[in-house]
Amino acid sequence: MAPNWFVGISVPPVSDGGAPWLERLIADLPGGVRPFHPADLHLTVAFLGTVGREQAEEAWACAAGLSAQPIATVLGALAPMGDRRRPSALSVVLASGGDEAVAVIEELRAPMIAAAGARPDARPP
């Protein structure tokens with residue numbers, strides 16, 4: 001099975017003030033749900049799919065030349081991702097800052113996807 005590649009922005013498991021938001025959020029996860037390791041928390045900016053390693057590295061090189069301003073956010077609830085009957089992941093919904101995050105993703109992902117030669121992502125961020 002070929003890996004799926006992506007470009008993401010890491011998300012710290014604590015707030016700027018040091019509050020452990022992740023611990024609070026995952027304290028009541030449903031049985032059988034396995035949380036990501038805190039080092040793996042991210043906001044996906046560009047999903048590249050099953051491109052080769054060299055193509056993914058081209059996208060990462062492109063990403064290194066792009067920038068965006070920090071976004072103030074407030075975390076909301078957990079929401080399932082993927083198939084509604086058998087979600088493949090849970091995501092944190094942004095209670096505020098979501099529109100700004102969408103705008104950043106819309107601005108940054110196309111150049112990275114193009115650099116990798118990946119299929120354009122028509123899904124909304």
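When a residue number appears, it is its place in the shown sequence, counting from 1.
Considering all non-hydrogen atoms of both residues, A46 and R109 come closest at CB-CB, 3.9 Å. For the residue pair I105 and P125, the shortest heavy atom distance occurs at CG2-CB, 3.6 Å. Pairing each heavy atom of L108 with each of S67, the nearest pair is CD2-O, 4.0 Å. Contact between P87 and R84 at its shortest, heavy atoms only, is CD-O, 4.0 Å. In terms of heavy-atom proximity, A115 sits nearest to C62 at CB-CB, 3.8 Å.
Residue T73 holds its OG1 atom at 9.5 Å from CG of L43, rounded to the nearest 0.5 Å. Between F6 atom CZ and I113 atom CD1 the span is 13.0 Å, to the nearest 0.5 Å. One finds the CD1 atom of I9 at 13.5 Å from the CG atom of L41 (value rounded to the nearest 0.5 Å). M112 contributes atom CE, which lies 14.0 Å from atom CZ of F47 (distance to the nearest 0.5 angstrom).
Taking a 6.0 Å sphere around CD of E106, one finds it holds more than 12 heavy atoms contributed by other residues, nucleotides or ligands. Atom CG of D83 has more than 12 heavy atoms from other residues, nucleotides or ligands within 6.0 Å.
W60 is linked by a ring pair (Phe, Tyr, Trp, His ring centres under 6.0 Å) to W5, counting only residues two or more places apart in sequence or in another chain.
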Evaluation steps, side-chain contact (heavy atoms from CB on, under 4.5 Å), between L78 and V92: CA-CA 5 Å; L78 288 174; V92 180; 3.9 Å; yes

Chi angles and distances behind the side-chain contact (heavy atoms from CB on, under 4.5 Å) call for L94, L75: CA-CA 5 Å; L94 297 178; L75 301 178; 3.8 Å; yes

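No path of Ile, Leu, Val, Met, Phe, Trp and Tyr side chains, each step under 4.5 Å between heavy atoms, connects V93 with V102, placing them in separate hydrophobic clusters. Note: the hydrophobic cluster containing L90 does not contain M81 (ILVMFWY, side chain heavy atoms under 4.5 Å, direct or indirect links).
Residue L48 forms a side chain to side chain contact (heavy atoms under 4.5 Å, CB included) with just one option from D121, V7, N4, and that option is V7.
Using a 4.5 Å heavy-atom threshold, the side chains of E58 and V51 count as separate.
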